Number of protein chains: 2
Amino acid sequence: MSASASYEALSVETLPERLKGVAALASQVGADHAMWQVQEVGDGNLNLVFIVTGPEGKAVVKQALPYVRLVGDSWPLPLYRAFFEYHALTRQAARAPGSVPEIFYFDEVQALIVMEFLSPHLILRRKLIAGDRVDGLAEFLGKFCARTAFRGSELSMKSGDKKADVALFAGNVDIPAITEALVFTDPYFSAEMNHHTEGLDPVVKRLRSDVELKVKVQQALQRFVSNTETMVHGDLHSGSIMSTDRESRVIDPEFAQYGPMGFDIGMLCANFLMAYFSQPAHRGEDLADYQEWILGVIEEVCATFETEFRHLWKTKRTGILYPACLFEDQGHDSSPACDAVLAGIWRDAWAVCGIEMHRRCLSLAHNADFEDIADPAVRAPLEARNLLMGAELIHEADRLTDASAVCDIARDFNGKDVL
Amino acid sequence: MSASASYEALSVETLPERLKGVAALASQVGADHAMWQVQEVGDGNLNLVFIVTGPEGKAVVKQALPYVRLVGDSWPLPLYRAFFEYHALTRQAARAPGSVPEIFYFDEVQALIVMEFLSPHLILRRKLIAGDRVDGLAEFLGKFCARTAFRGSELSMKSGDKKADVALFAGNVDIPAITEALVFTDPYFSAEMNHHTEGLDPVVKRLRSDVELKVKVQQALQRFVSNTETMVHGDLHSGSIMSTDRESRVIDPEFAQYGPMGFDIGMLCANFLMAYFSQPAHRGEDLADYQEWILGVIEEVCATFETEFRHLWKTKRTGILYPACLFEDQGHDSSPACDAVLAGIWRDAWAVCGIEMHRRCLSLAHNADFEDIADPAVRAPLEARNLLMGAELIHEADRLTDASAVCDIARDFNGKDVL
């Protein structure tokens, strides 16, 4: 395939002929493209995803579509998101080694990335709905969030490198715009594409009547659009994580931008909390045990984040922020500075966590944890718990610094009939 | 002058021959370059500034030097700062019409801007040292800060335009690096280029021993480098303002970058406070009156900022932040949101204010308000008041939202023997 060819979406039929010349793909699956088997498995909202199987192995070919797949070609979306996904993946691989699939090839014109086929990995959200446990999940995710947060910031990067990277990712306009609208704004008014479960109207009305809540949500949006602390994944939910029983990877960083250090871990915790609140519809006898396992993951993700962040602070603080000349070199412990930075991260994280819990039940893109519950009469009260806890997190974000307190709030709402 | 010629510094002797072909200059001063009189008047740290006088008028030619003039060619500094100065001036002219000199010509290769000659304007700092008053100064500056803050942010700009502008100004690395080092870091350790007045050692030691203070200063630096809320002037002190008795303009925005909305007004207030604290060495009988006039300017700058910002909030809020669909369209007053944004601005402003008060007495670039006081025994106690008040502002920035409270603190320190 010529790099100068104009964009054309691949299909199961055309892929072998069109990609037969890509050596990086052939070296993974075998050179004889006539023997390639191609399967389209994209279940996301935005892209084509093919698994190519050949005599020597498998690889994934991911290609961006020029519109939002969930909505159709009425919602165009620029292909350049593959460019940002590629650059985000290379940075995540450098900042948190082993955390993302290996990348074999990138074609900017075709908006196409050839990457490692992960097997027997499954999308984590499906495993959480199925009640599966993943060993080492919390440690992996806590370290991923801490390492990418720290190493993408002026705590670590040279100032000029950081500014150049901020400039590069500032070109990613339309994808973050989805987050700006669907996550931070649409849930709080009657946006056209919103939908919510029958029976939730009183809760929705309550949220939209809460002016203080809306102010706090928009302050979080202000930080999201103008606080370029680090490169965030930007869409770190349980559908962007693939896991076996003991190994995990983060995928799909096309929403990458420079943003607040607390953004990813906040969105991540929200998705575990939604998994938690949805469990009564998915589990039997193991309900209490599995729900506690999920809360344990949240606590351990946050504890690992703190431990890893403090470790990097002590050993890898090479940027212009909080330099040793102001602290250690003067015989002063810099832990109070690290405490202050972490407090800011958690404030941002818990606000984003609450907002993500809202948008997944009220805005366009819901998630399977709740959507797989067929009966609205079962779904609505579980979503209501989730929505009201989200509001509490947004209100209390300044005062909540401890994940165990957050888990206690979850247990409290889990036992309540709030509708 | 050909745009492709390589950079060469102008001199009084070479300017007419080299710029005779610049029509925009000739149309200001007259076409016959043999009749041009050229005077070099640059008293700043970084640039050549020429006044060109011809039969038909005057114009200013400002050219960047490839090093820091104050230090010499041992400190190289990229010429591209003229590019950012030019782009900053065009944005300030659009966002706060009438606030900056008119621009006639820009040559990127020669790092040269031809602009309006302001007369009988003088540098405001000189007027403050001389005890002059400027009618309308506070209103002008309050509006300038509010308009540029509001209109350079996502409160006003389209998201894509804002991101493109952030990317553009992210190229300005070396000039903001001066601020990062000289303003936010050097005052708090024994940096090589630091110097301070004899007798201040106990105060300097006290500041550097204050870990909580240094944490707060570095948190302000973190916001400065990673919070791209709006395009800031970046160096808005009384040497960057030119005034007659009744009219003022803002000049020299080569430190422009996207940064916190409170940055400019904080640095500005610091420079008025330093003018205030230095007055006992410059005034006679009119001391008390003139000092109160300065504090009145601070109060009015801040009050005007608030009024103008709230006016723009109500009438020009066209960006994605705090949209009407979440507030007014639902019958909700958005004033609590504006209050919250302003509270954040003042928190940032008072911290920056205190930091600027420190660096101007402890770091490399001191200011004439204090430097013109020949006797160190007179200067030191006045600088000490300024330094200790700076520390109080940094500590109390979260709790200080009212300029009149800040002025009361100034009055309190002004009456104290703190050395």
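Side chains are part of it too, since the values below use all heavy atoms of this structure and drop only hydrogens, waters and symmetry mates. From a predicted model like this one, the values you see are computed outputs, not experimental measurements. A note on names: the letters A, B, ... follow the listed sequences, proteins ahead of strands, and every chain is numbered from 1.
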Contacting region of A/Pro176 [heavy-atom separation from chain B under 4.5 Å]: side chain

Spacing of CZ belonging to A/Phe189 relative to NE2 belonging to B/His332, to within rounding of 0.5 Å: 14.5 Å

Heavy-atom distance under 4.5 Å to chain B: side chain of A/Val225, backbone, both or neither? both

Judged by atom type as modelled, is there a donor-acceptor pair below 3.5 Å linking the side chain of A/Ser226 to the main-chain atoms of B/Thr228? no

Could you look at A/Thr230 and say if it's the side chain, the backbone, both or neither that has a heavy atom under 4.5 Å from chain B? neither

Need one label for A/Lys162: side chain, backbone, both or neither, based on atoms under 4.5 Å from any heavy atom in chain B. side chain

Would you mind checking which part of A/Asp333 comes under 4.5 Å of any heavy atom in chain B, side chain (CB onward), backbone (N, CA, C, O), both or neither? backbone

B/Glu180 bridged to A/Lys163 by N-O distance under 4.0 Å: yes

What part of A/Glu229 gets within 4.5 angstrom of chain B, counting heavy atoms only: side chain, backbone, both, or neither? both

Does any heavy atom of chain B fall under 4.5 Å from the side chain of A/Arg208, the backbone, both, or neither of them? both

Quick one: which of B/Ile320, B/Leu326, B/Val341 gives a side-chain contact (heavy atoms from CB on, under 4.5 Å) with A/Gln218? B/Leu326

A/Asp339 versus chain B, the contacting section by heavy-atom distance below 4.5 Å: neither

Applying side-chain contact (heavy atoms from CB on, under 4.5 Å), run through A/Lys214 and B/Gln330 and close with a yes or a no. CA-CA 12 Å; A/Lys214 292 188 288 187; B/Gln330 295 183 41; 3.2 Å; yes

In terms of heavy-atom proximity below 4.5 Å to chain A, should B/Ala340 be classed as side chain, backbone, both, or neither? both

Given a strict heavy-atom distance threshold of 4.5 Å, which part of B/Asn172 is in contact with chain A: side chain, backbone, both, or neither? backbone

For the atom pair CZ (B/Phe224) and CG (A/Leu321), what is the distance rounded to the nearest 0.5 Å? 11.5 Å

Atom group of B/Ser190 that falls short of 4.5 Å from chain A, counting heavy atoms: neither

